[in-house]
Amino acid sequence: MLHLNTSTVYYWYNGPTDMRKGFDALCGMVQQHLQSNVLQGGVYIFVNRKHNQIKLLTWEGDGLAIYYKRLEKGVYELPAITSEATSATIDSIQLQLILQGIVLSSVRKKMRFSLPK
C-alpha cells in the first residue's frame, strides 16, 4: 500500500515514459537513467507524454509495487525541473499536491516563526 511520508525520498524522472512498461522495464529505467537501485528504497515517479498518467514504483520490503493513475480530464502538473536534468527529488507534499491535481504555483507555504525564549 502506498503511504506518502516525509522520511521517504521521491525521485521524479524528467522525461516521458511509456505507460505499458511494467516492473522490469521501470527498474531498468531507474538503473539506466537515474543511476539508482529500486531495492535501496524510495519512490520513483514516471509520467507519460500527455501528462495524464502517472506511475509510482517502490520496493516494499518483500516485493515491488506500482501505483498507477490515469486522469479522465486534465493533466498532472510537473514540478519545476530544468530540461537538462534527467531527474529530481521532490517531497511528499509536492507529490500529494500533484496527485490531487493542485497547481503547485498556487500553493504558498506558511511562514513559521520561532517564539522568543
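We count residues from 1, following the sequence as given.
Annotation for Y10 and N5: closest pair OH-N, 2.9 Å, computed over non-hydrogen atoms. The two atoms that bring Y13 and T17 nearest to each other are CD2-OG1, 3.6 Å, heavy atoms only. Nearest heavy-atom pair across L34 and Y44 is CD1-CD2, 3.6 Å. Counting all heavy atoms, side chain and backbone alike, L64 lies closest to C27 at CD1-SG, 3.5 Å. Heavy-atom minimum distance, Y11 versus G42: CE1-CA, 4.2 Å. Taking every heavy atom of both residues into account, T58 and V38 meet most closely at C-CG1, 4.3 Å.
Separation of atoms CG (L97) and OH (Y76) is listed at 13.0 Å; rounding is to 0.5 Å. Atom CG of D18 and atom CD of Q53 lie 9.5 Å apart (nearest 0.5 Å). Rounding to the nearest 0.5 angstrom, the gap separating the CD1 atom in I54 from the CG atom in L95 is 6.0 Å. Rounding to the nearest 0.5 Å gives a distance of 6.0 Å between CG of L99 and CG of L56. Taken from NZ in K50 to CZ in R70, the straight-line distance is 10.0 Å, to the nearest 0.5 Å.
V30 and F23 fall within the same hydrophobic cluster, where Ile, Leu, Val, Met, Phe, Trp and Tyr residues are linked whenever their side-chain heavy atoms come under 4.5 Å apart, directly or through other members. Taken together through direct or relayed side-chain contacts under 4.5 Å among Ile, Leu, Val, Met, Phe, Trp and Tyr, F46 and L71 form parts of separate hydrophobic clusters.
In this structure, V43 and T8 have side chains that are in contact, with non-hydrogen atoms separated by less than 4.5 Å. At a threshold of 4.5 Å between non-hydrogen side-chain atoms, the residues I66 and L26 count as touching. Residues I81 and W12 are in side-chain contact: their nearest non-hydrogen atoms beyond the backbone lie under 4.5 Å apart.
The main-chain N or O of D91 is found under 3.5 Å from a side-chain atom of Q94 such that the two form a donor-acceptor pair. When atom types are taken as modelled, the side chain of N48 and the backbone of N52 share a donor-acceptor pair closer than 3.5 angstrom.
Because its NZ or CZ atom is both nearer than 6.0 Å to the ring centre of Y68 and within 45° of the ring axis, K55 counts as a cation-pi partner of that residue.
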Just do the side chain to side chain contact (heavy atoms under 4.5 Å, CB included) check on K21 and M19 with the steps written out, would you?
-> CA-CA 5 Å; K21 291 184 183 287; M19 288 294 125; over 6 Å; no
Candidate pair I45 and I98, rule side chain to side chain contact (heavy atoms under 4.5 Å, CB included), full reasoning | CA-CA 11 Å; I45 307 158; I98 290 168; over 6 Å; no
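In this view, S87 satisfies the side chain to side chain donor-acceptor pair (under 3.5 Å) rule with no residue, not counting sequence neighbours.
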